[in-house]
Amino acid sequence: MEAERTDQEMQRRQKLQMLRSQGIEPYQSRFDRTHSAAQAIALFEQVEQSGGAEARSERVALAGRLVAIRVMGKATFAHLQDFSGRIQLLAKVDKLGAEPYRRFTDLDLGDVIGVHGTLFRTRRGEITCEIDDFVLLAKSLRPLPEKYHGLKDKELRYRQRYLDLIANPEVMEVFLARSRLVEETRTFLRGRGFTEVETPVLQAMAGGAAARPFRTHHNALDMDLYLRIALELYLKRLIIGGFDRVYEIGRIFRNEGMDQWHSPEYTMLELYQAYTDVEGMMELTESLVIHLVERVRGTPTIQYQGQEIRFSRPFARVEMVEAVSRVVGEDLLKADVPTLQGLIQKHGIQPKPGLGWGGLIAELFEELVQDTLVQPTFVLGHPVEVSPLARRRSSDPRLTDRFELFIAGEEIANAFSELNDPDDQRARFEDQARARAAGDDETHPMDEDFLTALEYGFPPTGGMGLGVDRLAAILTDQPSIRDVILFPHLRARHAEP
RNA sequence: GGGGGUGUAGCUCAGUGGUAGAGCACCUGCCUUUUAAGCAGGGUGUCGAGAGUUCGAUCCUCUCCGCCCCUACCA
């Protein structure tokens, strides 16, 4: 069901036919470049320093996509775009010869070409490659988006990201920054003695978080499997196995709603370090985030969607219960469930059914406090009820040794002293099962295999998870994680009539 | 899931109950240092899809589809 060809496509295909009839192959296999556009420009700047304004460079070979062409009779200017940027080309009939010159002016925007020529500076001051030879490497059969406004239609930008990348250079910058962020994460963790590992994506049981999983089916084994919703439980097994410090940067999948901060598949960093605790994780997280801001942005203070965010040590720290208490004007450590339910009602919140003290505290926090945490802030001491894998706080058994890091009102990281008491862990899973029975469909499943592993002895461990997409969106000042995911999910086109 | 917005040429967008426009792109011609090149000429379209109202619908009504924003659930 190929769409009908437009006028411009027909014209381009006619040119293609014409070229082939002249014995020119419009799809070549190789072109040896000597310089990228940026390297060529740097090269000429050097040549110019020693050779003066009339300088010419040595002969260079450049390749890229033709993104602008201005035919002015017997001379033609064009712009060639490659990964590094753009460089102007000048083709002159007396240099190329009549027939090659005609073929050059007959090129279309979007064609991929290779050229040979020397570099000079035009009267208007632009460093330019005057070509003596060119070759068509790949004929483009469809017209490019508009040159001045770029590609704006979000649907097209996401569905045909390659066009977005061609037409909007700042989009390329965003994805390069994201790549640097991941690379610098690895650099940082290597410096701290972490080992990178890979754990199963297909799991018999989707654990490590409370979320609805995607289900799939293994034909040969004839069993249902789930796509992972977290990395946690397998990484913990590795700590039990003797890895001291492990991490994984991997895709996880949650079968839930999507918006500017949620995607059904997203990239999570999780790390575990033996013999440390939530305090150690806080130090590590703060150092990592500051390192990343420094390396990706080069400055500790950034603008995010018009608000200034300062990444300076130490990040703010606040107890979750205290933060909520402050807003409601009441010490909630001393509040009972009916009191909390009253507050929930008063603020017009409709929570999941059957929540206890901790669940209600967490609910109030999300509704009343979270959005206000624009500057990087560690929120500490989450209730046990919402933390089935975290170690209980010795000073208050209703709470855990846990933190979440909020930036721009969004949860970026989550960490805790890992629960390493197998019997307590079993009890937590049983609590989760009770919550499920009471109507909560996002509870942690009972995982006997994991409990078995814990029973062999799980060293005291600090663990941390960080949402890579969210952090990337904040560090690149993008309003949605869709803008830092190359191919975000969209509904399939061509739905039934 | 609920509310709002939007869909018109390859792209960016205007517009009207009487059969569709601009800029860029494209085609023809002129132009040897231009650069959102310029000048002269050319409109290339299932006005998201279907049904209805109407003499006549791109426009009005209904249904459906995509995308965006807000809201609900989740990290």
**Asked** Using 30° and 60° as the class limits, which term best fits the ring planes of A:Tyr304 and A:Trp261: parallel, tilted or perpendicular?
**Response** tilted
**Message:** If you define the side chain from C-beta out and look only at heavy atoms, does anything of A:Pro488 sit under 4.5 Å from A:Arg161?
**Reply:** yes
**A:Arg56 NZ/CZ over A:Phe120 ring centroid, <6.0 Å and within 45° of normal** = yes
**Request:** Determine whether A:Leu80 and A:Phe134 make a side-chain contact, defined as any pair of heavy atoms from C-beta on separated by less than 4.5 Å.
**Result:** no
**Asked** What is the distance, rounded to the nearest whole Å, between atom CZ of A:Arg491 and atom P of B:C68?
**Response** 10 Å
**Message:** Using the C1' atom as the point on both nucleotides, what is the distance between B:G42 and B:G23, in whole Å?
**Reply:** 16 Å
**Request:** Write down the distance between CD (A:Glu155) and P (B:G48), rounded to a whole number of angstrom.
**Result:** 13 Å
**N/O (side chain, A:Arg482) to phosphate O (OP1/OP2, B:C68) under 4.0 Å** = yes
**Request:** Indicate whether OP1 or OP2 belonging to B:U44 is found under 4.0 Å from a side-chain N or O atom of A:Gln11.
**Result:** no
**Message:** Dot-bracket for RNA chain B, please. Rules: Watson-Crick or G-U, both distances under 3.5 Å, ( ) within the strand, [ ] when a pair crosses earlier ones, | for another strand, . otherwise.
**Reply:** (((((((..((((....[..))))((((((.......))))).)...(((((..]....))))))))))))....
**Message:** Heavy atoms from C-beta onward define the side chain here; which of B:C11, B:C68, B:U32 lies closest to that of A:Lys92?
**Reply:** B:U32
**Parallel, tilted or perpendicular: ring planes of A:Phe403 versus A:Phe378, cut at 30 and 60 degrees** = perpendicular
**Request:** Please tell me if the side chains of A:Gln160 and A:Leu151 come closer than 4.5 Å, counting only heavy atoms from C-beta onward.
**Result:** no
